[in-house]
Amino acid sequence: MKKFLAWCKRYISVMNILVIGFISYTLFFQDNSVFRYMEYQNTIDSLRTEIKNATDTMDYYRRMNQLLTTDPEMMERVVREQYNMVREDEDVYVYE
């Protein structure tokens, strides 16, 4: 027990307690804490994923728009498939 008390007197001082308290407050309880940093990183990652998905979708629709304005066969295909348009002498069966 005496060794423990001697160790406490030697290594535990008011300055050490204040430094440890300040560091723990800064790391865990302040606005820039470790937990908030991890939360912000997760939010940033999910937003980057959403941006990538939106960019991919935008690129697809840009390519589709370009094809529809330049290629009449593509326009006919899209109109026939998506809007169920037919020619006068055709019968079309739609399965869903």
Side-chain angles (χ1 to χ4, degrees):
M1 187 68 164
K2 286 184 181 183
K3 288 183 181 182
F4 178 71
L5 290 175
W7 182 85
C8 289
K9 284 182 182 180
R10 184 173 181 187
Y11 292 109
I12 299 178
S13 66
V14 173
M15 185 57 111
N16 287 345
I17 292 174
L18 288 176
V19 168
I20 291 171
F22 177 74
I23 290 172
S24 62
Y25 172 75
T26 304
L27 286 177
F28 300 110
F29 301 110
Q30 203 177 28
D31 288 339
N32 298 327
S33 69
V34 174
F35 299 119
R36 290 198 188 203
Y37 174 77
M38 291 173 20
E39 180 182 335
Y40 293 153
Q41 281 303 116
N42 289 337
T43 305
I44 289 169
D45 291 340
S46 66
L47 290 174
R48 283 186 179 151
T49 304
E50 285 183 33
I51 289 171
K52 184 182 180 306
N53 290 338
T55 305
D56 291 344
T57 303
M58 183 179 61
D59 290 341
Y60 168 76
Y61 284 116
R62 279 188 180 157
R63 275 185 271 120
M64 185 62 79
N65 190 19
Q66 181 67 26
L67 283 173
L68 288 174
T69 56
T70 58
D71 188 12
E73 291 176 3
M74 183 67 171
M75 181 184 289
E76 182 180 349
R77 187 178 132 230
V78 168
V79 167
R80 290 168 68 83
E81 287 177 0
Q82 291 186 1
Y83 299 107
N84 299 326
M85 294 191 164
V86 296
R87 294 190 180 126
E88 292 179 3
D89 59 342
E90 287 182 335
D91 290 333
V92 175
Y93 301 100
V94 178
Y95 295 100
E96 292 185 27

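Keep in mind the model is a prediction, meaning the values are calculated, not measured.
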When clusters are formed by joining ILVMFWY residues with side-chain heavy atoms under 4.5 Å apart, either directly or through shared neighbours, do [X] and [Y] land in the same one?
X	Y	answer
Ile20	Trp7	no
Val14	Ile23	no
Tyr60	Leu67	yes

Atom [atom1] in [X], atom [atom2] in [Y]: separation rounded to 0.5 Å?
X	Y	atom1	atom2	value
Glu50	Thr55	CD	OG1	11.0 Å
Glu76	Glu81	CD	CD	10.5 Å
Thr57	Lys52	OG1	NZ	9.5 Å
Lys3	Cys8	NZ	SG	14.0 Å
Tyr40	Leu47	OH	CG	13.0 Å
Ile51	Ile44	CD1	CD1	10.5 Å

Which heavy-atom pair separates Leu68 from Met75 by the least distance, and what is that distance?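 It is O-CE, 3.1 Å.
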Tell me whether Asp59 is salt-bridged to Arg63, with the criterion being a basic N under 4.0 Å from an acidic carboxylate O. no
Does Glu73 pair with Arg77 as a salt bridge, N-O distance under 4.0 Å? no
Less than 4.5 Å apart, side chain to side chain, heavy atoms only: is that true for Asp71 and Gln66?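 No, every pair of side-chain atoms sits at 4.5 Å or beyond.
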Is there a side-chain contact between Thr49 and Ser46 in this structure, where contact means two heavy atoms from C-beta onward sitting under 4.5 Å apart?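 Of all side-chain heavy-atom pairs linking Ser46 with Thr49, none is under 4.5 Å.
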Any donor and acceptor pair, going by atom type alone, linking the side chain of Ser33 with main-chain N or O of Phe29 inside 3.5 Å?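 A pair under 3.5 Å: no.
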Heavy atoms from other residues, nucleotides or ligands near CE of Met58 exceed 12 (cutoff 6.0 Å):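 Yes, the 6.0 Å shell around CE holds more than 12 heavy atoms from other groups.
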